[in-house]
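Written out below as structure tokens is the structure these notes cover.
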Amino acid sequence: MKCRPYGAHVLLFAIIYFALLGSAMGGERAVIIRYHQRPGPSEEALVHGARGKIRHTYHVIPAMAATLPEQEIANIAKNPRVAYVENDSIVTAVEPLPGDEYVNSWGVAHIGGEAVHARNIKGAGVKIAVLDTGIDCTHEDLSNNCRSGANFVEYFGGVTDPANSSDDSWNSHGTNVAGIIAAEQNGTGVVGVAPEAEVHAVKVLDGGGRGKASWVIAGIEWAVANNMRIINMSLSIEEDSQAFEEACNAAEAAGLLLVAAAGNIENGPVTKPAAYSSVIAVTATNRANQLWYLSSIGPEVELAAPGVSIFSTSQGNSYDVLSGTSQAAPHVAGVAALIMSAGVDDVDEDGDTDNKDVRLMLQNMARDLGDSGLDVLFGYGLVNAAGVAAIDEMSFRLTKLGTRPAANAKTVDLPIGEYKITITNDNLRTVECRVYKDGVLSRRLSRTFIFGGHKPQEVVWNLGAGNIALEVVFVPRGEVGGTAQVSIVRGLDVTYGAPRR
Ligand SMILES: [Ca+2]
Ligand SMILES: [Ca+2]
Ligand SMILES: [Ca+2]
Ligand SMILES: [Ca+2]
């Protein structure tokens with residue numbers, strides 16, 4: 001069992017268990033003694049001189065696990081050979097939370113994932129390369145969706161097993177990211193944004209979460225060669241690398257969508273690769289849609305996504321909480337997978353449906369946050385899976401409850417596209433339709449529905465052209481209590497038919 005003492009739940013358990021343990025153990029305490037240099041005979045003598053017991057001497061860090069009499073601990077801590085003495089806290093694997101996956105995965109629910117999944121849009125079969133610390137593909141909440149990919153991590157002592165891309169990081173970074181994208185909708189644990197997408201483990205960071213540009217470039221190359229459609233990079237590079245940027249540009253040109261964490265530098269600039277023009281930069285937000293305090297900001301920010309206290313998969317069938325732009329980027333990668341599985345439209349009208357269109361759809365669907373329009377904190381706004389559900393169908397009842405028609409208006413956000421809007425009247429005289437682009441009234445649609453009774457009326461409107469999300473406001477006019485059923489179906493092959501009876 002691997003130790004993960006960093007999750008909020010673990011910490012809570014550690015404190016409780018330690019309090020119990022302390023009272024049970026009386027005059028001795030289990031500690032970890034960290035020395036300034038590798039412990040040898042002098043350090044052993046120090047512990048034995050204090051009537052302590054050495055339980056283990058580490059090689060990975062210059063430290064010992066020991067049991068010491070309570071009254072000796074302060075003295076040992078003051079010894080010049082000793083850096084610090086800390087309590088040997090109890091570590092407990094976090095058990096999968098019972099109950100609602102959408103409660104556990106607040107970020108997925110917050111961006112509207114549940115409604116999209118209910119429409120059976122789950123990112124099925126979309127291949128996503130997770131360039132990270134690897135993935136624990138044996139996790140019960142990932143095993144059906146996870147594929148081992150490749151390992152490009154070299155240690156100073158040699159080359160690791162290129163076939164073994166499992167996660168060996170202390171905080172399960174890559175496994176956490178993979179769960180945000182594609183944890184299974186199986187009634188337990190957590191659920192990913194795209195719970196039927198394929199996440200491929202491409203290990204480019206070592207167990208300490210560090211890597212080299214050369215390893216990441218190799219990972220990008222693998223993703224292109226293996227027909228991935230999305231690359232998620234929850235990582236930053238310290239220095240600029242022209243080769244890294246060129247590799248990202250080449251992957252984009254090959255049709256892949258690249259998503260990266262904006263960086264965890266408080267008020268700092270967006271880090272690379274997110275800052276590269278070929279990569280989508282994602283900042284992190286909390287449940288209240290506020291920017292995470294450590295999130296990088298700047299003009300390169302393209303989207304925001306949940307990234308604070310994200311509960312996700314961790315090594316060894318466990319779960320853990322992490323925060324950062326590393327957790328935000330995979331929410332966007334997941335929504336991109338939903339879009340790809342639902343069908344991509346030729347948004348830029350260049351005759352192809354490709355990664356550029358997906359990128360525009362992500363921007364168009366985003367919920368504007370902060371200052372109106374594009375801004376340096378949230379980019380185009382909060383990534384919005386709910387927009388994917390709106391792609392194929394939306395239906396609601398419009399009711400006139402009061403005398404002021406505008407107060408009874410219903411507003412819907414739509415990505416650019418062609419829509420068939422069907423209105424089934426029930427005692428409303430008129431339904432007016434106004435289209436706003438970027439918050440500005442662009443046009444009132446050329447006709448107002450005039451109803452002569454209870455006859456359904458149908459019209460097809462093309463709301464296309466441009467790349468700005470539409471806000472369409474339906475205003476009911478007529479008798480108080482009158483209603484109309486409005487259904488909106490998206491499709492480029494909609495035929496302009498006669499009114500339905
Ligand atoms: Ca699950
Ligand atoms: Ca960018
Ligand atoms: Ca296109
Ligand atoms: Ca904004």
Side-chain angles (χ1 to χ4, degrees), residues 95-105 107-109 113-114 117 122 139-146 175-176 178-197 199 231-233 236-237 240 244-245 248-249 251-252 257-263 269-283 285 289-291 296-304 311-314 317-319 325 328-329 332 334 355-356 359 362-384 413 438-439 468-469 471:
E95 297 302 320
L97 298 186
D100 193 335
E101 291 167 309
Y102 294 95
V103 173
N104 296 338
S105 300
V108 176
E114 187 169 10
H117 300 166
K122 300 177 184 179
H139 197 291
E140 64 184 3
D141 224 349
L142 283 170
S143 57
N144 288 322
N145 295 342
C146 189
T175 303
N176 180 284
I180 294 167
I181 299 172
E184 293 165 28
Q185 188 189 37
N186 54 5
T188 186
V190 294
V191 63
V193 178
E196 291 182 0
V199 280
I231 294 176
N232 188 87
M233 290 182 284
S236 297
I237 186 168
D240 196 12
F244 189 5
E245 179 164 17
C248 290
N249 295 349
E252 186 198 33
L257 187 81
L258 287 79
V259 183
V270 173
T271 56
K272 281 105 179 180
Y276 298 147
S277 61
S278 52
V279 182
I280 296 173
V282 187
T283 57
T285 50
N289 295 334
Q290 296 159 328
L291 193 74
S296 293
I297 58 174
E300 300 91 349
V301 174
E302 195 158 326
L303 290 166
F311 194 71
S312 184
T313 44
S314 189
N317 272 341
S318 62
Y319 296 83
T325 56
V332 171
N355 53 342
K356 293 192 286 292
R359 191 168 180 174
L362 286 167
Q363 296 170 2
N364 292 345
M365 289 177 201
R367 281 180 57 197
D368 192 15
L369 296 178
D371 293 345
S372 180
L374 188 65
D375 65 67
V376 297
L377 304 184
F378 308 104
Y380 288 94
L382 185 71
V383 73
N384 182 17
D413 295 318
D438 211 15
I468 304 164
E471 194 179 284

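Quick note: residue numbers are just sequence positions, from 1. As the structure lists them, so they are numbered: ligands from 1, and atoms in each ligand from 1. Basis for what follows: all heavy atoms, side chains included, without hydrogens, waters or symmetry-related copies.
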Please list, chain by chain and in numerical order, all residues satisfying disulfide bond (SG atoms under 2.5 Å apart) with Cys146, sequence neighbours excluded.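 For Cys146 the disulfide bond (SG atoms under 2.5 Å apart) partners, ignoring immediate neighbours, are Cys137.
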Nearest 0.5 angstrom please: [X] [atom1] to [Y] [atom2], how far?
X	Y	atom1	atom2	answer
Leu362	Ile280	CG	CD1	5.0 Å
Tyr276	Met233	OH	CE	9.0 Å
Glu140	Asn317	CD	CG	4.0 Å
Glu302	Thr283	CD	OG1	11.0 Å

I need the single residue from Val301, Val282, Val383, Leu291 that forms a side-chain contact (heavy atoms from CB on, under 4.5 Å) with Phe378. Which is it?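 Of Val301, Val282, Val383, Leu291, side-chain contact (heavy atoms from CB on, under 4.5 Å) with Phe378 is met by Leu291 alone.
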So, 3.0 Å as the limit: is an N/O/S atom of Val190 located closer than that to the Ca ion (ligand 1)?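 Here the distance criterion (N, O or S atom, under 3.0 Å) is met by Val190, so yes.
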With a cut-off of 3.0 Å, does any N, O or S atom of Gln185 fall short of it relative to the Ca ion (ligand 1)?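 No - counting backbone and side chain alike, Gln185 has no N, O or S atom under 3.0 Å.
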Compare every heavy atom of [Y] with every heavy atom of [X], then report the nearest pair and how far apart it is.
X	Y	result
Ala329	Ala260	CB-C, 3.7 Å
Ser236	Pro273	CA-CD, 4.3 Å
Ala281	Val270	CB-CG1, 3.9 Å
Ala261	Thr271	O-OG1, 4.0 Å

Among the N/O/S atoms of [X], select the one at the shortest distance from the Ca ion (ligand 1) and name it.
X	answer
Glu101	OE2
Glu184	O
Asp141	OD1

Please identify which of these residues, Thr313, Asn186, Thr175, Thr188, meets the side chain to side chain donor-acceptor pair (under 3.5 Å) condition with Asp141.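 In the set Thr313, Asn186, Thr175, Thr188, the residue that makes a side chain to side chain donor-acceptor pair (under 3.5 Å) with Asp141 is Asn186.
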Not counting sequence neighbours, which residues clear side-chain hydrogen bond (donor to acceptor under 3.5 Å, both in side chains) with Ser312? List them please.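 Per chain and number, Ser312 pairs via side-chain hydrogen bond (donor to acceptor under 3.5 Å, both in side chains) with no residue.
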With 3.0 Å as the limit, jot down which protein N, O or S atoms are around the Ca ion (ligand 4).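 Atoms qualifying: Asp368 OD1, Leu369 O, Asp371 O, Gly373 O, Asp375 OD2.
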Quick one: name the protein N/O/S atoms under 3.0 Å from the Ca ion (ligand 2), chain by chain.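 Counting only protein N, O or S atoms under 3.0 Å from the Ca ion (ligand 2), the list reads Ala274 O, Tyr276 O, Val279 O.
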